Amino acid sequence: MAGRLDGKVAVITGGSNGIGRACAERFSAEGADVLIADLLPEPGHAAVEAIRSAGGQAEFVELDVASQQANEAMAAAAVEHFGTIDAVVTAAGVSDGDYRSGDIEAQLKRIAQAGEAMAANPAAALTELDLDNWRRVLDVNLTGTLLSLQATASVMLDQQKPGSIVTIASIAAVDPLWGSPSYPVSKAGVWMLTKNAARTLAPLGIRVNAIGPGFIETNMTAALAEVDEYYERVIDNTPMGRRGTPTEIANVALFLVSDESSFVTGELIHPDGGWFTG
Ligand SMILES: NC(=O)c1ccc[n+]([C@@H]2O[C@H](COP(=O)([O-])OP(=O)(O)OC[C@H]3O[C@@H](n4cnc5c(N)ncnc54)[C@H](O)[C@@H]3O)[C@@H](O)[C@H]2O)c1
């Protein structure tokens, strides 16, 4: 049976875990060759092996998405391995400046510290925000998205080929959520970057759309899910009463990189279990 991405090449930043990995596996199952780019090589190689075991083609390249040079090397690696780039998902991201995917204990510690700071000063998340931490979140989530977009779109433009780029924003692109402003501000930036890039690239045959997930079962929400106070707040605000799965986000990304969305660009789609119905 023909796959929806047969003959296509996809680059996935943040592809070692969670939403990025689900996109890599989903796209591969639909026939795409996949380059996984991530800060963490170990789960990245595991993702590549899983795809190869299922009969797909995948490669891994190490990437700090905040580095321009590393993004350019990633785009060059895609061309070297697979000849081109047709589809991109920019899923590399952090929830705070010290975030390391999979280190749940460290996340739980930070949640506890933030709780203590807020008990002493209800405005601590804003007034005591560490500037280096703010900068790292913006460097990875916003500047990183820009750099990945630049490097991959440049390949499409050089090769005079159409393409589709999907950025991963969040419900936090339009809802300030609670606590530190860094993450929502970075995601609001991703959303505006997406719209701006969509307008610039539309006449050149490249579509750019954003996905704004609600709370999804990945390393990023694993610690939060263990703290009743926060988890209940998330579930109370999600009419479907659960977190989404990474595959539920990958299915939206698949639609956006496939020809089925050929007239869709500059959009933000929220797979969020009904978050914005209130
Ligand atoms: N999980 C959610 O509820 C949720 C909701 C909305 C948006 N998002 C966004 O989805 C994206 C994927 O997150 P996830 O939930 O799958 O979390 P995750 O931790 O499972 O995956 C994030 C991946 O990004 C990688 N990464 C982090 N910093 C990087 C860097 N500097 N360079 C390259 N790679 C880097 C991590 O190593 C990891 O593999 C993020 O942008 C996140 O903000 C997640």
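These numbers were taken from a predicted model, which means no experiment stands behind them. Computed over heavy atoms, backbone and side chain alike; hydrogens, waters and symmetry mates excluded. Numbering of ligands and ligand atoms starts at 1, following listing order.
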Considering both backbone and side-chain atoms of [X], is one of its nitrogen or oxygen atoms within less than 3.5 Å of a nitrogen or oxygen in ligand 1?
X    : result
L39  : yes
A37  : no
Y99  : yes
I171 : no

Does [X] approach ligand 1 within less than 4.0 angstrom via side chain, backbone, both or neither, non-hydrogen atoms only?
X    : value
R136 : side chain
D64  : both
R21  : neither
T218 : side chain
P246 : neither

V264 and I168: same hydrophobic cluster, using ILVMFWY side-chain contacts below 4.5 Å?
yes
For the residue pair E217 and T245, confirm or rule out a side-chain donor-acceptor distance under 3.5 Å.
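Side chains of E217 and T245: no pair found under 3.5 Å.
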Which residue supplies the protein heavy atom nearest to [atom], what is that atom called, and how far is it?
atom                    : value
atom 13 (O) of ligand 1 : M220 CE, 3.9 Å
atom 39 (O) of ligand 1 : D38 OD2, 2.6 Å
atom 16 (O) of ligand 1 : I19 N, 2.8 Å

Taking a cutoff of less than 4.0 Å between a non-hydrogen atom of the residue and any ligand atom, is [X] in contact with ligand 1?
X    : value
A91  : yes
A172 : no
G214 : yes
V94  : yes
R100 : no

Euclidean distance, N141 CG relative to T167 OG1, rounded to 0.5 Å:
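Reported to 0.5 Å precision, the distance equals 11.0 Å.
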Quick one: which of T200, T194, N196, L256 gives a side-chain contact (heavy atoms from CB on, under 4.5 Å) with V208?
T194
For F215 and W275: C-alpha separation, side-chain torsions, deciding distance, then whether ring pair (Phe, Tyr, Trp, His ring centres under 6.0 Å) applies.
CA-CA 9 Å; F215 283 79; W275 188 274; 5.6 Å; yes
